[in-house]
Amino acid sequence: MRARAAIVTARDTGGRTVLATMRSSPPLTVRTTAPGRVHLVSTAAGPLGGDDLALDIEVAPGTALEVRSVASTLVLPGSTDAESVMTVTARVGAGARLLFAPEPTVLAAGCRHRLVVRLELAEDARVHWREEIVFGRYGERPGRCHSRFDAVLGGVPLLRQEFVVGDPEIDGSSAVYGDARCVGSTLITGRAPEAVTGDGWAVLPLAGPGTLVSALGRDAVELRRRLEEGEGTVTGHH
């Protein structure tokens with residue numbers, strides 16, 4: 001299956017954010033849930049092996065957008081060993097704000113998935129971008145996922161991150177995931193604080209104006225709590 005979805009904001013005559021474009025197709029379905037807020041709704045199973053899905057987000061200068069999802073995304077194997085691909089491209093204009101925080105991605109046993117994020121930011125854009133990955137459903141080993149994240153701010157690289165889930169030699173390493181069953185990270189733009197660590201989480205100031213919060217957890221609830229603890233040290237909401 002090949003599916004494309006797009007969200008584009010604009011400013012109305014009163015300076016408020018409006019959704020100028022809302023386009024989607026199953027399983028990528030987008031619904032407006034509040035002014036300036038949309039939720040991703042799964043209207044078909046997937047992604048399945050062989051699926052090619054893409055979400056394009058454009059936040060116009062001076063506008064604000066919040067993107068969430070109504071449920072976790074379950075990545076399943078297909079009838080062949082072809083991998084599924086999910087590509088998210090976001091462009092955030094001058095003075096614009098984007099909060100991207102969908103529910104976790106769950107890697108079912110046997111899946112082969114590739115997640116690609118491309119983020120282009122104006123110099124004074126503000127972004128809070130959270131990603132969470134769960135290593136399989138209860139009691140099963142995860143499928144394989146290759147995740148790549150590229151963020152550019154004002155034409156200058158801000159963050160390049162890549163990791164793999166589902167390789168037994170990596171997953172069980174005490175230097176990588178250890179006994180964790182979930183991994184997550186949050187990119188927050190703005191001048192970074194000092195580096196700080198907590199129980200299962202770490203806050204790393206980037207070379208540019210941004211901070212990366214990383215966390216591991218034994219389940220999705222613990223992962224979310226740890227990410228929020230780390231995020232709180234950056235935003236001041238402990």
What do the steps show when you test Glu228 against Arg130 for side chain to side chain contact (heavy atoms under 4.5 Å, CB included), and what is the final call?
CA-CA 10 Å; Glu228 290 178 344; Arg130 180 194 294 158; 3.9 Å; yes

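Within a 6.0 Å sphere centred on CZ of Arg4, other residues, nucleotides and ligands contribute more than 12 heavy atoms. Atom CZ of Arg225 has more than 12 heavy atoms from other residues, nucleotides or ligands within 6.0 Å. Environment of CD in Glu194: sparse, with no more than 12 heavy atoms of neighbouring residues, nucleotides or ligands closer than 6.0 Å. Applying the 6.0 Å contact sphere to CZ of Arg218 captures no more than 12 heavy atoms from other residues, nucleotides or ligands.
The backbone N or O of Met1 sits less than 3.5 Å from a side-chain atom of Asp51, completing a donor-acceptor pair. At least one donor-acceptor pair closer than 3.5 Å links the side chain of Ser69 to the backbone N or O of Ala71.
No side-chain donor from either of Glu83 and His146 sits under 3.5 Å from a side-chain acceptor of the other. Looking at Thr9 and Thr63, their side chains do bring a donor and an acceptor atom within 3.5 Å of each other.
Under the 4.5 Å side-chain heavy-atom criterion for ILVMFWY residues, no single connected hydrophobic cluster contains both Met86 and Val134.
For the atom pair Leu99 CG and Arg37 CZ, the distance stands at 9.0 Å (nearest 0.5 Å).
When all heavy atoms of Glu231 and Thr186 are compared, the closest pair comes out as OE2-OG1, 2.7 Å. Among all heavy-atom pairs drawn from Arg126 and Glu123, the shortest one is NH1-O, 4.4 Å. Nearest approach of Pro209 to Leu158, heavy atoms of both residues: N-CD1, 4.0 Å. Smallest separation of non-hydrogen atoms from Thr189 and Ala125: OG1-O, 3.6 Å.
Each of Arg160, Gln161, Arg118 was compared with Asp150 under the side chain to side chain donor-acceptor pair (under 3.5 Å) criterion, and only Arg160 meets it.
For the pair Phe100 and Leu55, the minimum side-chain heavy-atom distance is below 4.5 Å.
In this structure, Tyr177 has its ring center closer than 6.0 angstrom to the ring center of Phe135.
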